[in-house]
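Only one structure is covered here, and it is reproduced in the block below.
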Amino acid sequence: MKITGVELRRVAMPLVAPFRTSFGTETERDVLLVRVVTPEGEGWGECVAMSDPLYSSEYVDGAAEVLRRFLVPALAALPGAGAHAAERALAPFKGHRMAKAALLTAVLDAELRATGTSFADFLGAARDRVPCGVSVGIMDSVPRLLDAVAGYVDEGYVRVKLKIEPGWDVEPVRAVRERFGDDLLLQVDANAAYTLADAPHLARLDEFGLLLVEQPLPEDDLVQHAALARRLRTPVCLDESIESARDAAAAISLGACSIINVKPGRVGGYLEARRIHDLCRANGVAVWCGGMLETGLGRAANLALAALPGFTLPGDTSGSRRYYATDVTEPFVLDDGHLAVPTGPGLGVDPLPDVLAEVTTSTRWLPV
Ligand SMILES: CSCC[C@@H](NC(=O)CCC(=O)O)C(=O)O
Ligand SMILES: [Mg+2]
């Protein structure tokens with residue numbers, strides 16, 4: 001499957017409501033989509049990099065630049081680009097895992113569409129639908145938070161994740177636990193907002209029976225996460241710290257976490273995401289599928305990954321309407337707290353041409 005060219009397409013996706021985390025507030029996603037064209041057809045990938053390098057060091061303009069200057073040209077030398085060969089071709093370039101993930105996903109999608117294989121079948125899915133959690137941002141007040149959580153619980157989400165930061169943690173968690181009872185699956189995500197000195201304060205979350213506390217400390221400190229994990233009853237889950245299967249192995253061996261949030265966009269694509277799944281499963285470490293506010297394109301691939309047997313906790317695989325009034329694909333709609341795993345070739349979904357044209361802010365064709 002020789003690649004004839006790659007399109008870089010930017011789309012502006014306004015959020016239905018501001019989404020606030022410990023590192024900032026999102027009101028619109030400036031999304032980079034990658035389309036790989038071959039004589040047999042095409043494939044799509046979505047870059048999860050945010051507009052600013054606040055979640056991680058990558059940002060969307062930088063991802064577009066590294067794709068244009070280095071990553072796409074590297075595929076030109078390939079006799080025929082299957083996903084594994086493409087992954088090897090990109091390996092010499094350091095970092096830029098979100099940019100790599102977008103391109104490799106598009107190559108994999110093209111390859112699977114050409115062979116009539118779904119992402120779910122290729123990755124080894126064990127389920128045809130997955131239970132869905134929802135991520136709830138930091139709010140202006142506890143009453144507003146309770147209203148938002150009530151809405152998501154009414155929609156059927158099986159797990160609620162609350163964003164926290166210093167000054168917005170114990171009180172909102174207590175309020176949600178008191179309002180919705182002990183049966184609500186509840187977890188928190190700090191996005192690296194605390195330090196080890198906060199351990200006594202974070203230990204106050206232990207009384208709420210949380211599934212996990214996600215990324216409490218900075219992404220580059222596994223040793224301190226291990227020290228914190230020894231002082232908490234709540235399991236520590238890592239997100240930003242895990243950029244590869246190698247990172248996952250180090251985190252597990254150091255005792256830095258007992259659960260991992262797997263985001264294919266963060267780790268360089270679905271092949272590496274499956275490696276992390278396989279490693280964690282072999283070590284008895286639970287994984288769940290995280291989210292980066294993906295459009296229906298990235299969401300489709302994430303659902304296929306979330307259906308693998310080691311994904312034993314509900315992921316941030318929400319319905320399209322959690323973030324977007326109009327998705328670039330047919331919307332993913334929650335059904336009894338679950339989303340169906342796409343079964344068609346490749347991603348199993350396609351961009352809606354009219355919607356894609358409406359949200360597109362730029363396109364760039366890169367011949368290969
Ligand atoms: C803009 S925040 C994106 C990163 C964040 N993602 C979520 O909270 C889930 C977002 C989603 O539902 O896609 C995380 O750190 O896990
Ligand atoms: Mg997170």
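Every number for a ligand or one of its atoms is a count from 1 in the order of the listing. Heads up: numbering here begins at 1 and tracks the sequence.
Counting only protein N, O or S atoms, the number found under 2.8 Å from the Mg ion (ligand 2) is 3.
Protein neighbours of ligand 1 below 4.0 Å, counting non-hydrogen atoms: F19, T21, F23, E26, M50, Y55, S135, K161, K163, D189, N191, E214, D239, N261, K263, G291, M292, L293, D316, Y323.
Counting heavy atoms from C-beta outward, D30 and R10 have side chains that approach closer than 4.5 Å. In this structure the side chain of L228 never reaches within 4.5 angstrom of the side chain of Q224, judged on heavy atoms.
Both tests hold for R274 against F122: distance to the six-membered ring centre under 6.0 Å, angle to the ring axis within 45°. Remark: R35 fails to qualify as a cation-pi partner of W365 under the 6.0 Å distance and 45° angle criteria applied to the six-membered ring.
Around CZ of R68, the count of heavy atoms belonging to other residues, nucleotides or ligands within 6.0 Å exceeds 12. Environment of CZ in R364: sparse, with no more than 12 heavy atoms of neighbouring residues, nucleotides or ligands closer than 6.0 Å.
No donor-acceptor pair closer than 3.5 Å links the side chain of D206 to the backbone N or O of L232. A distance-only check finds a donor-acceptor pair linking the side chain of D189 to the backbone of N191 [under 3.5 Å].
Of the listed residues (T361, L32, L356), just one forms a side-chain contact (heavy atoms from CB on, under 4.5 Å) with R9, and that residue is L356.
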